[in-house]
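In what follows, a structure is listed as structure tokens, so that the remarks can point back to it.
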Amino acid sequence: MNRQRRRARNFRFFPALNGGSHKERVRTMKNLSNVAFPPEVIELMTAALEAAVATLPEPVHSAHVNALAESILRTAGSGERDPATLRRIALMELQLAPRH
């Protein structure tokens, strides 16, 4: 996959990295204001998110995808780099999240 397509895919899953809406950026990145991710880490996070979303039952709600992405961003921001661990933590957090 060429670099430009990978970046486009990464930004689709992590809109806060591409600017996204201001409200979305602030909510997602509020705890990561001083964190920068190199392209390799963004690819690991994207792989973790894709794997996590693939395990969700249909229909997949955007709120669930956002919650998974936020968890992966927080966990990667704390230094975790293993995609399987990022996926597992995000799915556990989603499972523990209060239902509305």
Side-chain angles (χ1 to χ4, degrees):
M1 184 180 299
N2 71 30
R3 177 171 234 170
Q4 190 172 15
R5 278 183 62 197
R6 281 195 313 256
R7 284 189 66 164
R9 183 187 71 179
N10 293 340
F11 290 142
R12 183 180 72 227
F13 286 111
F14 294 98
L17 297 175
N18 193 31
S21 73
H22 175 69
K23 188 180 223 179
E24 185 176 31
R25 236 186 3 250
V26 170
R27 187 172 62 84
T28 302
M29 299 299 286
K30 66 184 174 187
N31 296 328
L32 299 170
S33 59
N34 295 321
V35 177
F37 297 104
E40 311 81 51
V41 175
I42 294 172
E43 288 194 28
L44 294 173
M45 293 187 305
T46 301
L49 182 61
E50 288 174 342
V53 169
T55 68
L56 297 177
E58 294 289 335
V60 176
H61 299 281
S62 62
H64 294 151
V65 176
N66 287 339
L68 292 169
E70 289 176 11
S71 173
I72 290 169
L73 284 166
R74 273 193 318 276
T75 307
S78 69
E80 182 58 57
R81 296 297 184 256
D82 179 36
T85 302
L86 293 170
R87 177 188 57 83
R88 189 171 40 253
I89 290 171
L91 287 169
M92 286 189 323
E93 285 185 12
L94 182 64
Q95 189 175 26
L96 297 173
R99 308 274 185 230
H100 298 299

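Every value quoted in this text rests on a predicted model; they were computed, and no experiment measured them. No hydrogens, no waters, no symmetry mates; every other heavy atom, side chains included, goes into these values. Index from 1, following the sequence.
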Same hydrophobic cluster for Val41 and Leu68, using side-chain heavy-atom links shorter than 4.5 Å among ILVMFWY? yes

Mind checking what makes side chain to side chain donor-acceptor pair (under 3.5 Å) contact with Ser71, not counting sequence neighbours? Glu93

Side-chain heavy atoms of Leu91 within contact of Gln95, under 4.5 Å: no

Rounded distance [0.5 Å steps], CG in Leu86 versus CG in Leu73: 9.5 Å

Going only through I, L, V, M, F, W and Y residues with side-chain contacts under 4.5 Å, is there a path from Met92 to Val53? no

To the nearest 0.5 Å, tell me how far Arg87 CZ sits from Leu44 CG. 14.0 Å

Working to the nearest 0.5 Å, report the span between CD of Glu70 and CG of Leu94. 11.0 Å

Atom of Ala48, atom of Pro83 and distance for their closest heavy-atom approach: CB-O, 3.4 Å

Thr55 side chain vs Ala52 backbone, donor-acceptor pair below 3.5 Å: yes

Kindly work out whether a path of hydrophobic side-chain contacts (I/L/V/M/F/W/Y, heavy atoms less than 4.5 Å apart) joins Ile42 to Leu49. yes

For Arg88, enumerate each residue passing the side chain to side chain donor-acceptor pair (under 3.5 Å) test, keeping only those at least two apart in sequence or located in another chain. Thr85

What do the steps show when you test Val60 against Glu58 for side chain to side chain contact (heavy atoms under 4.5 Å, CB included), and what is the final call? CA-CA 5 Å; Val60 176; Glu58 294 289 335; 4.1 Å; yes

